[in-house]
Amino acid sequence: MIDVLNSSLEAIQLEDKFGAHNYHPLPVVLSKGEGVFLWDVEGKKYYDFLSAYSAVNQGHCHPRIIDALVNQARELTLTSRAFYSDKLGLAEKYFCDYFGYDRALLMNSGAEANETAIKLARKWGYKVKGIPANEAVIVAVERNFHGRTTTVISASTDPLARKDFGPFMPGFQIIPYDDIAAMEAALQNPNVCGFWFEPIQGEAGVYVPEDGYLAEAARICKENNVLLMMDEIQTGVARTGKMLASDYEDVHPDLLILGKAISGGVLPVSAVLASDEVMLTIQPGEHGSTYGGNPLACAVAMEALQVVKDENLTENAARMGEIFRDRMERLAESHDLVKLVRGKGLLNAIVINDSEESETAWNICVALKENGLLAKPTHGNIIRFAPPLVITEEQIHDCCDIIEKVIDKFRITPN
Ligand code: PLP
């Protein structure tokens, strides 16, 4: 028999005793979700202002996505790619039409999609660009976040992500983010096969590059015969107020890397989209995943993406984001604890005017929780605010009221 939990404390103690300590969660135990709301074990209701790191753009337990899940689960869940399924081709076509690509390769986690993109870029580098064997270089940027696998963290500049996990995978060159001159210099190397980055750096603390960076990066890639590898796992699927953040500068990445919200937070689905030239460099047996592209994932992802269009979530994210930043900018002007507000659409962050080591941002998030809003600090003094994109105008004002009320109670810690 499986035990049932009676209290939040019991749940926290169990995770603490039997789980790995690889996260530092806020002390809240959730047991139900609907739309923009979450409920804890004791029945307290919260606004979700994290959306599972932007995976739940369509809102929790969206009825259409859950129906797609349940209906498909009754028919067929997994075949592996040893056989064809009646859903994979449909889903691949759906992804290609939706995002404007020749081909899609479906995987599971975001890190895995990035691994896939790295392999595709390297393969293309050898087979099409003619880079000598094992000499391919991928240029990545400082402060990147692309996942947790050993290859992916080999390109990380976050000491916490890397410490004691070496040796690392060679073949990455790291340059500063939002630095066109550095990129131009790095891409002079004829062995570079890809430039790999996030159009807005989400995990790092919602760093938005200068206008023109994306378009310039695309131009330099083209000029140097290098693939533009865009990780839109957090920024994609309407989060930033466009379907893709790269749409802000009409950029069409050679490798588009997606995850999180393509399945509306229902089950892990990720994807890499590319042209025939790039995707067909990989042959049978050279890459795969048992669950990648399974029928359940295909049915859920198609419905989740259709919901984004049918409910105009891109437009809503853009409009609600304007309201949110406007309110937070006014808060920053009137309160010296809020240093600045940055973001696009509904991917935003405020920077707390205190040291990175201070507990202030954490304490604010705990106080927000007490007041019915869940958010999480990132990198010490930054708080990311990313609610589901189904949030209404009334709700966003309600949330801004909560944030203002809570922050007003805090002061800068004296040195
Ligand atoms: N890439 C970006 C931009 C992300 O924000 C994340 C997760 O936060 C990942 C990759 C990793 O995705 P996953 O946790 O599904 O492996």
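Atom set for the values below is all heavy atoms of this structure, side chains included, hydrogens, waters and symmetry mates excluded. As the structure lists them, so they are numbered: ligands from 1, and atoms in each ligand from 1. Just so you know, these numbers come straight off a predicted model, no measurement behind them. Residues take their numbers from the sequence shown, with the count starting at 1.
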inquiry  = Within the 3.5 Å criterion, strictly below it, is a donor on Asn108 or Ser289 matched to an acceptor on the partner's side chain?
reply    = yes

ask   = Under a 4.0 Å heavy-atom cut-off, what residues line ligand 1?
value = Ser109, Gly110, Ala111, Asn114, Phe145, His146, Gly147, Glu198, Glu203, Asp231, Ile233, Gln234, Lys260

ask   = Any idea how Phe195 and Tyr213 line up, ring-wise: parallel (<30°), tilted (30 to 60°), or perpendicular (>60°)?
value = perpendicular

ask   = Between Asn363 and Glu359, does any side-chain donor sit less than 3.5 Å from a side-chain acceptor?
value = no

key: Residues that Asn22 engages under side chain to side chain donor-acceptor pair (under 3.5 Å), provided they are two or more places apart   = none

inquiry  = Taking side chain to side chain contact (heavy atoms under 4.5 Å, CB included) as the definition, give me every residue that meets it alongside Arg103, ordered by chain and number, with sequence neighbours left out.
reply    = Asp276, Met279, Leu280

ask   = With Asn71, which residues qualify under side chain to side chain contact (heavy atoms under 4.5 Å, CB included), at least two apart?
value = Asp67, Arg74

